[in-house]
**Q** 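Next up is a structure, given as structure tokens.
All chains are named by letter (A, B, ...) in the order of the sequence lines, taking the proteins before the strands, and each is independently numbered beginning at 1. Owing to the predicted nature of the structure, the values given are computational and were not obtained by experimental measurement.
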Amino acid sequence: MQFTAKDIAALLNGTVEGDELVAVDQLAKIEEAQKGSLSFLANPKYEQFLYSTNASIVIVNNTQQLTGPVGATLIRVENAYSAFTLLLEKYNTFKLYKEGIEQPSFIHESATIGENPYIGAFAYIGQGVKTGKNCKIYPNCYIADNVTLGDNVTLFPGVVVYFDCVIGSNVIIHSGAVIGSDGFGFAPNGDGSYTKIAQIGNVIIEDNVEIGSNTTIDRATMGSTIIRRGAKIDNLIMIAHNVEIGSHTVMAAQSGISGSTKIGSRVVIGGQVGFAGHLNIADGSQFGAQTGINHTIKEENKQWGGSPHLPYKDYLRAHVNIRRLPDLELRVRELEKMIKDLKKDVQ
Amino acid sequence: MQFTAKDIAALLNGTVEGDELVAVDQLAKIEEAQKGSLSFLANPKYEQFLYSTNASIVIVNNTQQLTGPVGATLIRVENAYSAFTLLLEKYNTFKLYKEGIEQPSFIHESATIGENPYIGAFAYIGQGVKTGKNCKIYPNCYIADNVTLGDNVTLFPGVVVYFDCVIGSNVIIHSGAVIGSDGFGFAPNGDGSYTKIAQIGNVIIEDNVEIGSNTTIDRATMGSTIIRRGAKIDNLIMIAHNVEIGSHTVMAAQSGISGSTKIGSRVVIGGQVGFAGHLNIADGSQFGAQTGINHTIKEENKQWGGSPHLPYKDYLRAHVNIRRLPDLELRVRELEKMIKDLKKDVQ
Amino acid sequence: MQFTAKDIAALLNGTVEGDELVAVDQLAKIEEAQKGSLSFLANPKYEQFLYSTNASIVIVNNTQQLTGPVGATLIRVENAYSAFTLLLEKYNTFKLYKEGIEQPSFIHESATIGENPYIGAFAYIGQGVKTGKNCKIYPNCYIADNVTLGDNVTLFPGVVVYFDCVIGSNVIIHSGAVIGSDGFGFAPNGDGSYTKIAQIGNVIIEDNVEIGSNTTIDRATMGSTIIRRGAKIDNLIMIAHNVEIGSHTVMAAQSGISGSTKIGSRVVIGGQVGFAGHLNIADGSQFGAQTGINHTIKEENKQWGGSPHLPYKDYLRAHVNIRRLPDLELRVRELEKMIKDLKKDVQ
């Protein structure tokens, strides 16, 4: 599929400078672009690439001044970065376009499938499931009994959703994610062994959430594990039973949250972070990678690091001091020697 | 499905106080319960909820005294907590009831399937597989050649069991768990590259084990990786080749055990803990979250924390000292100044 | 399947000492071997097992001297370890032999399947996919549109490869691994919420790479996430968008690499290690388990540990000092007391 500078300018409401019939079939970074690519320049810091790029078309800001000859056709727009993001989005929508119901798939007769679905081969849709409009359920997904999906939900191949879970609209879940498996709850029997506590709650995922591949979100013992509107959850993350993640909170890969902890809104969590159970974490908190959080945080919008966690500046200072420990020990030894000598002198 | 107080009291061998025809259709915590819910009160600390709850029925201990008016119907039993757990269990058994063999599924002609199975659509059962009674193999599971399952095994959707593995009775494995993938074994070729060492052993999972979603347990190079009776393994855990996990050991999510390490019985392992390879860990050891264990532990029933691990109290004390390091450095600087002044005075 | 000492000696180009008709049907470690097993002795340190083993056949080096009576039949070869590894490999090839196309599977009419394939039931092969010779695609795998596989690729059950990814020859990917899911890229909207940035790049996996179960490798935003020739990636590893892993680099389980970081060749990474984003890591670097790396490393072939990372020796020394901190604090307190007393004496 090829698009001309003219086509793209029309789409972006931009103006063409150069050959408006030049065509592109891929998107690339300006410094890596080859002939036939479309690229963009938003940050003036990278202006030099505009004069050396092999891209056939470059989208630039209306305000972009030129200080040399440019080989590429330019498309001038209000905001080059936004315009390019829009093209990425359109490209992806095109690449990911799927429709219809492939065979063999398993759709229980009691399930209600919304308009314009894609249901891939070997997908399984259980009893009483309800899906909204434009849902894409890729091959090998499993949606258990009584699950509901809102509109425009995408489940990539191999997603599993256990029974009774509720998924909002515009939710994207990547391959291998497991939603609603049993919480880790066992009662000790007194002889060293354990009895399983049945986990009868569910998981609720609100609108505009994205969940990464192979992440696991356990169902509540009773009630719901909740992922609030707009939260973004990366790959290989563990969210335990009865956890609540606030709206627009962002979690990087391999982090984990223990049972019943409530994370506020707009919290930013680095990779490989761990939270103990039954904590409350204030809105806007930020955590560096590998932080370990073992008590409730009440002050909003603070930064934290280390395990156990400290205010981020204290964590950095402590680490500088740790590096200097051998030196500090030498200084103490020297002091001990000096004081011993001094005592002799005084006596 | 609705149940009356009379029905439930009969099931629990309890006695009704109040309207024995009041009906419930869900289970909830006493402080969150709505009309139509059944709840319980076991801990006297929460007695106040008994007088304010909206639950229609509350299960209480025979010994529970009342100090105010109660709106809910009570069911008195010997042990309210156990009785409620039993109801959770029954509720779940009902919700998870599945039977029969769905189509299309793939069952090799040489496989032996025990009585009363559930085999979901798109499940794959290989050559020579043997399953016991009442096994539930959900959709999209893969059971490779010559695997054996005991009685009452549940494999949730998408579980993969590689060839020759042995799974005991009453084992539950959650979605996406992989049992028996190749151990990570490579021999260096001398030129920087590696040759794979074939991993021909298997995994043995004994009775009453539960394994969480997306956990991976690698097969032994030779011999067996073994998970002993009653162990409980949470989500996203890594168990490497030739590891052995003792009976009734409990591991929280995202922990990992390197090759050939033997973990004792009744060990308790927090989240995101890591064990080096070729260690022996004594029975009853306990590890805080994010602990890193790099040598064998011979003393039983001790608590550990930190990375590398220290006795838990030493770990806590070290961290208090780390926070005070800037202060300690100031004290040393002060001493250096004082001693310099003193020396002047003495000379 | 049984093999005689004569058969095996012929295969290994070795010479038999003892009964050349004795037969074996399994491979085992010399100290665990039972009757009917074949074992090996390469390391002279374990020579005593040669006189006590129950193995029916033991492979030994040509140079192996005997200092006592041996019950097993011996096969003498140039290099006992290599010979045994070869047998492991042959055993595994036999165990894992699969061929043909099982039904039901889904193969798009536009896909090109190379010679001698195995395609398991419920596998899905999308539009425009091309596979080389001898590829084994196990059940429940999903290969999206326009993916290409080289020769001799094995995808174990449940592997997912998103569209446009490129996989070289002799690549092994274990169950549940997800290749090419979206990178974690979101642009802040200014009101606390985020807009997804479409991820239109791909993943390129070069020849001779092995990838463990439930590992996730995200596609690039633009361009490619690249795993170079011969790299070995263990289970439950996270590789973010636009990362590059050098040739023959080895990563142990549960490690993670943040976006755009470039890891050199022959790097060795322990378990649960984390790398921040946008770093460059020199060839031959080595990282202890649980290391956290937060800046670029330019010196090659160095060892690192701790979080944030330090040269490995400094990390070990710092930890010794941390354990001694309570003692150091006491020494400073003692100095403070002494100097106070001294001052009194001097005045």
Side-chain angles (χ1 to χ4, degrees), chain B residues 104 106 122 124 140 142 144-145 158 160 162-164 176-178 181-182 184 186-187 192-200 214-216 218 221-223 236-238 240 254 256 258 272 274 276 290 292 294 307-308 310 314 317-318 321-322 324-325 328 331-332 334-335 338-339 342 345-346, chain C residues 27-29 32 81 85 88-93 95-96 102 104 120-122 138-140 156-158 172 174-176 208 210 212-214 229-230 232 234-236 247-248 250 252-254 265-266 270-272 289-290 307 319 322-323 325-326 328-329 332-333 335-336 339 342-343 346-347:
Chain B
F106 183 104
F122 319 125
Y124 186 105
N140 304 106
Y142 175 83
D145 299 348
V160 172
Y162 281 54
F163 68 98
D164 287 353
V178 177
S181 45
D182 283 355
F184 197 62
F186 300 92
S193 72
Y194 295 87
T195 299
K196 179 179 177 66
I197 299 170
Q199 305 286 310
I200 68 159
N214 286 345
T215 279
T216 66
D218 278 354
T221 308
M222 283 189 286
L236 290 169
I237 282 173
M238 165 61 179
Q254 295 180 318
S258 304
Q272 299 181 335
Q290 298 187 329
N294 64 356
S307 175
L310 296 173
D314 294 357
R317 202 184 310 142
N321 278 292
I322 285 173
R324 288 188 195 144
L325 267 178
L328 188 66
R331 285 162 67 191
V332 170
E334 182 64 16
L335 281 168
M338 284 166 79
I339 213 159
L342 255 182
D345 293 349
V346 171
Chain C
L27 305 173
K29 291 187 194 169
E32 296 172 353
Y81 179 71
T85 316
L88 284 177
E89 184 54 35
K90 289 209 173 283
Y91 177 89
N92 223 20
T93 303
K95 281 298 231 180
L96 288 171
E102 295 173 351
F122 319 126
Y138 276 77
N140 304 107
F156 281 103
I172 298 172
H174 284 280
S175 287
N208 303 325
E210 181 159 346
S213 42
N214 286 345
R229 181 183 195 80
K232 309 297 180 189
D234 202 355
N235 299 358
L236 291 167
S247 54
H248 309 307
V250 174
Q254 296 180 318
S265 295
R266 293 170 293 97
Q272 300 182 335
Q290 299 187 328
S307 175
H319 267 274
I322 285 173
R323 295 180 70 160
L325 266 178
L328 188 67
E329 205 277 337
V332 170
R333 200 179 300 175
L335 282 167
E336 286 166 339
I339 212 158
L342 256 181
K343 270 178 108 168
V346 172
Q347 281 159 355

**Q** Quick one: ring-ring contact (aromatic ring centres under 6.0 Å, His included) partners of B:Phe106, sequence neighbours excluded?
**A** B:Tyr124
**Q** Counting heavy-atom pairs under 4.5 Å with chain C, which one of B:Thr195, B:Leu310, B:Thr221, B:Val332 comes out on top?
**A** B:Leu310
**Q** Could you tell me which of B:Met338, B:Glu334, B:Arg331, B:Gln199 has the largest number of non-hydrogen atom pairs under 4.5 Å with chain C?
**A** B:Arg331
**Q** Between B:Phe122 and chain C, which part of the residue has a heavy atom less than 4.5 Å away: side chain, backbone, both or neither?
**A** both
**Q** If you look at every heavy atom in B:Ile237 and B:Gln254, which pair is closest and at what distance?
**A** CG1-N, 3.7 Å
**Q** Write down the atom of C:Ser175, the atom of C:Pro157, and the distance for their closest heavy-atom approach.
**A** OG-O, 2.8 Å
**Q** Given the options B:Ala318, B:Gly192, B:Gly158, B:Gly223, which has more heavy-atom pairs under 4.5 Å with chain C than any of the others?
**A** B:Gly192
**Q** Which of the residues B:Ala187, B:Ser307, B:Gly176 is involved in the greatest number of heavy-atom pairs with chain C at under 4.5 angstrom?
**A** B:Ser307
**Q** Counting only heavy atoms closer than 4.5 Å, note whether B:Asn294 contacts chain C via side chain, backbone, both or neither.
**A** neither
**Q** Using the test salt bridge (charged side-chain N to carboxylate O under 4.0 Å, His left out), find all partners of C:Lys95 that sit at least two apart in sequence or belong to another chain.
**A** B:Asp164
**Q** Examine whether an atom of B:Asp314 lies under 4.5 Å from a heavy atom of chain C, and if so say whether it belongs to the side chain, the backbone or both; otherwise answer neither.
**A** neither
**Q** Who wins among B:Ala240, B:Ser258, B:Pro308 for the most heavy-atom pairs under 4.5 Å with chain C?
**A** B:Pro308
**Q** Pick one of side chain, backbone, both or neither for C:Glu89, based on which atoms fall under 4.5 Å of a heavy atom in chain B.
**A** both
**Q** Heavy-atom distance under 4.5 Å to chain B: side chain of C:Arg323, backbone, both or neither?
**A** side chain
**Q** For residues B:Phe184 and C:Lys232, report the shortest heavy-atom separation together with the two atoms involved.
**A** CZ-O, 3.4 Å
**Q** Under a 3.5 Å distance rule, please check whether B:Asn321 uses its side chain to pair with a backbone N or O of B:Arg317 as donor and acceptor.
**A** yes
**Q** What is the minimum heavy-atom distance between C:Asn140 and B:Tyr142, and which atoms define it?
**A** OD1-CB, 4.2 Å
**Q** Of the backbone (N, CA, C, O) and the side chain (C-beta and beyond), which part of C:His174 lies under 4.5 Å from a heavy atom of chain B, both, or neither?
**A** both
